Amino acid sequence: METFDIKGKRILEVGCGVGLTSLMLNSRIADITATDHHPEAEAYLQLNVDLNEGRTIPFVRTGWEQKDASLGEYDLIVGSDVLYQPNHALLLSSFVNRHAKEKCEVIIVDPGRGNAAKFSNAMLASGFMQSKLDAVASVQGSSSYKGRIRRFER
Ligand SMILES: C[S@@+](CC[C@H](N)C(=O)[O-])C[C@H]1O[C@@H](n2cnc3c(N)ncnc32)[C@H](O)[C@@H]1O
């Protein structure tokens with residue numbers, strides 16, 4: 001996200017946690033909305049925005065099981081380590097599909113939790129194409145690390 005083309009894009013982060021991805025995008029003055037269902041996520045995000053002296057990041061507390069049309073639709077949807085439960089693949093792919101514009105790119109970084117293939121299949125069934133599958137280098141240098149950056153578009 002440090003170098004990704006963000007010009008003119010409405011961007012949604014799913015499962016933002018403490019908000020690293022949104023903070024990076026915010027530092028580039030991106031049009032970013034952060035989301036998470038955790039009750040503490042908004043407070044941690046704001047704390048990190050303050051520590052980084054950034055602009056307040058719009059935050060919506062929502063779960064992937066919720067059908068909240070007011071969140072709207074996005075050109076780019078990003079998420080990191082959001083497929084750690086077996087039911088996340090279908091829940092998240094449906095949520096992404098509901099909030100993706102007709103033309104949309106989706107980037108999900110997964111450390112190899114074992115549910116990403118199911119997510120990819122659900123995305124393909126929703127009309128997305130998997131455009132890229134890049135390996136993520138292990139910070140510890142382990143060759144068995146299975147981290148991947150999955151990119152989809154339609
Ligand atoms: C492992 S953390 C990753 C956080 C952050 N993206 C990162 O990489 O540091 C997964 C995040 O997904 C959120 N999450 C899990 N299930 C969710 C759901 N059903 N709806 C919305 N957020 C969810 C959790 O609250 C948590 O913040």
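For clarity, every value in this text was computed on a predicted model and none was experimentally measured. Numbers here are sequence positions counted from 1. Numbering of ligands and ligand atoms starts at 1, following listing order.
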(request) Mark the output for Thr62 as yes if a heavy-atom distance to ligand 1 is under 4.0 Å, and as no if none is. (result) yes
(request) Answer yes if a protein heavy atom lies under 4.0 Å from atom 9 (O) of ligand 1, otherwise answer no. (result) no
(message) If we set the cut-off at 4.0 Å for heavy atoms, which region of Tyr84 has an atom near ligand 1: side chain, backbone, both, or neither?
(response) side chain
(request) Find out whether Thr56 and Gln46 are in side-chain contact, i.e. whether some heavy atom of one side chain is under 4.5 Å from a heavy atom of the other. (result) yes
(request) Considering only non-hydrogen protein atoms, determine which one is nearest to atom 20 (N) of ligand 1 and report residue, atom name and distance to 0.1 Å. (result) Trp64 N, 3.1 Å
(request) Report yes if some heavy atom in the side chain of Asp36 is under 4.5 Å from a heavy atom in the side chain of Glu40; otherwise report no. (result) no
(message) Yes or no: does Gln85 have any heavy atom under 4.0 Å from an atom of ligand 1?
(response) no
(request) Assign the ring pair Phe95 / His99 to parallel, tilted or perpendicular, where the plane angle (0 to 90°) is split at 30° and 60°. (result) tilted
(message) Take a 6.0 Å sphere around OH of Tyr44 and say whether it holds more than 12 heavy atoms from other residues, nucleotides or ligands.
(response) no
(message) Please check whether Asp36 reaches ligand 1 - meaning an N/O of the residue sits under 3.5 Å from an N/O of the ligand, judged on distance alone.
(response) yes
(message) Suppose I only count heavy atoms of Asp81 and a 4.0 Å limit; which atoms of ligand 1 are within that range?
(response) 1 (C), 2 (S), 3 (C), 10 (C)
(message) As a check for students: among Gly17, Ser80, Ala41, identify the option with a heavy atom nearest to atom 3 (C) of ligand 1.
(response) Ser80
(request) Kindly state whether the ring of Phe152 and the ring of Phe119 have centres lying under 6.0 angstrom apart. (result) yes
(message) Is there a side-chain contact between Phe59 and Cys16 in this structure, where contact means two heavy atoms from C-beta onward sitting under 4.5 Å apart?
(response) yes
(message) Suppose I only count heavy atoms of Gly63 and a 4.0 Å limit; which atoms of ligand 1 are within that range?
(response) 20 (N), 21 (C)
(request) Could you list which atoms of ligand 1 come closer than 4.0 Å to a heavy atom of Glu65? (result) 19 (N)
(request) Would you check the N or O atoms of Val14, main chain and side chain alike, for any that come under 3.5 Å of an N or O of ligand 1? (result) no
(message) Taking 4.0 angstrom as the limit and counting only heavy atoms of His38, give me the atoms of ligand 1 inside it, by number and element.
(response) 25 (O)
(request) Specify the closest pair of heavy atoms between Val106 and Ile108, including all atoms of both residues, with the distance to one decimal. (result) CG1-CG1, 4.0 Å
(message) Could you identify the single nearest non-hydrogen protein atom to atom 12 (O) of ligand 1 and state the distance to 0.1 Å?
(response) Gly15 CA, 3.6 Å
(request) Can you see which heavy atom on Glu153 is nearest to which on Glu105, and at what distance? (result) OE1-OE2, 4.1 Å
